[in-house]
Visitor: 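After the structure tokens below, expect a handful of questions from me.
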Amino acid sequence: MVSLMLKKKLRTILEQSGNPCAAFETDQIMKWAADFDCLTFAPDSEIDPLKAEKAIDAAKRRVKGEPLQYILGEWDFYGFTFHVGDGVLIPRPETELLAEKAIAALKEMTGKDSSQRGTVIDLCSGSGCIPIAVAKKSGARCYGIEISEKALEYFKKNIILNKTEDRVTALLGNVLEPNGELLEKLPEKCDIITANPPYLTASEMGELQKEVRHEPEIALFGGQDGLDFYRVIFGRWKDRLSEKGEFIVETGDDQAEAVKSLMEKEGFCCGIIKDYNKLGRIVFGKLAHAAVQ
Ligand code: GLN
């Protein structure tokens, strides 16, 4: 089949299913299945029939609601590529704000002294996108904790893909009830703790987009009001923060104020960063004794 025909066919399949990003996704599928770059588009190039079939099959999977990111098997976050697929949360653009804040905070703490690059513990790491991006950008030593063995496999592969074996450690564990074995593998004190925990509410879980229904419930559901993790993690992990250390978390829509209060109850002085839609999205805080100095 020639490329123009294949391109039209994919676009029609996607458009007929009501996909609002049919043109973009067609280009992505052409690149993935047939290594065909639509930017330097030669409409009459012959596409190998097996590759064309792979592309059409991918478009049909999309129509059934499978996320594009799972089909492609990788996705970019903060300018780096990550393996994704069944069993792991797809990195979201909002989470880049969390990574950015952590990188800025590390820079402020360590200053120009490049021998002091800081230490980070990331809770609920999923694909590992946060600790890996932070380690790449700041040079910090990062430890990530993930409860799902399936997600941890992606995390480990992503460490290798991004060549951060010397700076990022992926650990299996439950951040709500960390056991001694896990705690022993972590540094006594760190400069930053990051977390993008599951935060969807019970009612949001009932109204998920069909793509999101393919993502693991364990990475999405944060209890009835979505706040279960925030109720526990600040108290449970604050002892691991160094004196001037900072806790930085992502929150769900309309949760930032409630999460800020939960962090304040544990003795933190907090702030909120808004996302691209002007919604409070990132809550950060230092322990009050450090913040007043
Ligand atoms: N920290 C990971 C991410 O931001 C996973 C989050 C999660 O599983 N809730 O993508």
Side-chain angles (χ1 to χ4, degrees), residues 67-70 72-103 120-137 140 142-159 161-162 164 168-176 192-202 204-205 208-209 211-223 225-233 237 247-253 255-256 259 273 275-276 281-284:
L68 177 69
Q69 296 90 332
Y70 278 10
L72 303 180
E74 48 182 49
W75 199 242
D76 283 2
F77 175 83
Y78 215 88
F80 305 110
T81 301
F82 291 84
H83 293 295
V84 293
D86 191 38
V88 73
L89 193 84
I90 299 162
R92 304 294 205 271
E94 289 85 1
T95 309
E96 294 184 343
L97 294 170
L98 168 54
E100 191 169 80
K101 169 71 182 153
I103 293 160
V120 178
I121 297 177
D122 178 58
L123 312 178
C124 311
S125 293
S127 65
C129 61
I130 298 168
I132 292 171
V134 171
K136 291 283 277 187
K137 283 280 174 184
C142 298
Y143 298 79
I145 306 166
E146 171 54 44
I147 195 167
S148 149
E149 289 187 27
K150 212 166 169 185
L152 196 78
E153 288 307 310
Y154 287 94
F155 186 0
K156 288 180 176 165
K157 282 194 208 153
N158 284 327
I159 292 176
L161 180 66
N162 287 286
T164 44
V168 183
T169 305
L171 299 166
L172 186 69
N174 181 350
V175 304
L176 299 178
I192 308 274
I193 299 178
T194 50
N196 176 22
Y199 57 57
L200 294 188
T201 66
E204 285 167 334
M205 290 301 291
L208 292 180
Q209 234 182 302
E211 281 81 4
V212 183
R213 268 183 250 138
H214 285 256
E215 294 185 88
E217 183 179 329
I218 193 175
L220 298 168
F221 185 44
D225 64 356
L227 301 175
D228 282 4
F229 280 76
Y230 307 102
R231 284 199 186 87
V232 175
I233 58 174
W237 289 93
F247 221 123
I248 311 172
V249 298
E250 178 174 326
T251 69
D253 298 357
Q255 288 175 341
V259 171
I273 299 172
D275 68 10
Y276 316 107
R281 181 65 65 190
I282 307 297
V283 177
F284 58 93

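Order of appearance sets the numbers: ligands from 1, and atoms from 1 within every ligand.
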Visitor: Out of Leu89, Val88, Leu208, which one pairs with Glu215 under the side chain to side chain contact (heavy atoms under 4.5 Å, CB included) rule?
Guide: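 Going through the options one by one, the only one that passes is Leu89.
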Visitor: Do Ile273 and Arg281 have side chains that get closer than 4.5 Å, going by heavy atoms?
Guide: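 Heavy-atom side-chain distance check fails, nothing below 4.5 Å.
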Visitor: Nearest to atom 5 (C) of ligand 1, what protein heavy atom do you find, and at what distance?
Guide: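 Among all protein heavy atoms, the one nearest atom 5 (C) of ligand 1 is Cys124 O, 3.5 Å.
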Visitor: Walk me through whether Arg92 and Asp275 qualify under salt bridge (Lys or Arg N to Asp or Glu O under 4.0 Å).
Guide: CA-CA 12 Å; Arg92 304 294 205 271; Asp275 68 10; over 6 Å; no
Visitor: Only one of Ile130, Val249, Ile282, Val134 clears side chain to side chain contact (heavy atoms under 4.5 Å, CB included) with Thr194; which?
Guide: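 Among the candidates, only Ile130 passes.
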Visitor: What protein heavy atom sits nearest atom 6 (C) of ligand 1, and how far off is it?
Guide: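 For atom 6 (C) of ligand 1, the nearest protein heavy atom comes out as Asn196 O, 3.0 Å.
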Visitor: Atoms of ligand 1 less than 4.0 Å from Gly126 heavy atoms?
Guide: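 Going through ligand 1 atom by atom, the ones under 4.0 Å from Gly126 are 5 (C).
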Visitor: Check whether any side-chain heavy atom of Tyr199 lies under 4.5 Å from a side-chain heavy atom of Leu227, and answer yes or no.
Guide: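 No, every pair of side-chain atoms sits at 4.5 Å or beyond.
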Visitor: Mind checking whether Ala151 contacts ligand 1 via backbone (N, CA, C, O), side chain (CB onward), both or neither, at a 4.0 Å heavy-atom cut-off?
Guide: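 Contact part for Ala151 vs ligand 1: neither.
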Visitor: Just need the protein heavy atom nearest to atom 2 (C) of ligand 1, so name the residue and atom and give the distance.
Guide: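 Answer, as residue, atom name and distance: Ser125 O, 3.3 Å.
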Visitor: Within a distance under 4.0 Å of any heavy atom of Thr95, pick out the atoms of ligand 1 and give their elements.
Guide: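 So the atoms of ligand 1 that pass are 4 (O).
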Visitor: So, is the end of the Lys136 side chain (NZ or CZ) under 6.0 Å from the ring centre of Tyr78 and within 45° of the ring's axis?
Guide: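 No, cation not above the ring by the 6.0 Å, 45° rule.
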Visitor: Which residue and non-hydrogen atom of the protein lie closest to atom 10 (O) of ligand 1, and at what distance in Å?
Guide: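 Looking at atom 10 (O) of ligand 1, the protein heavy atom closest to it is Cys129 SG, 3.4 Å.
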Visitor: Counting each atom of ligand 1 from 1 as listed, which ones have a heavy atom of Ile130 under 4.0 Å away?
Guide: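 What qualifies from ligand 1 is 1 (N), 4 (O).
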Visitor: Is it true that a side-chain atom of Asn196 and a backbone atom of Ser125 form a donor plus acceptor pair closer than 3.5 Å?
Guide: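 Side chain of Asn196 to backbone of Ser125: no pair is present.
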Visitor: Starting from atom 8 (O) of ligand 1, find the nearest protein heavy-atom neighbour and note its residue, name and distance.
Guide: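 The closest heavy atom on the protein side is Ala219 CB, 3.3 Å.
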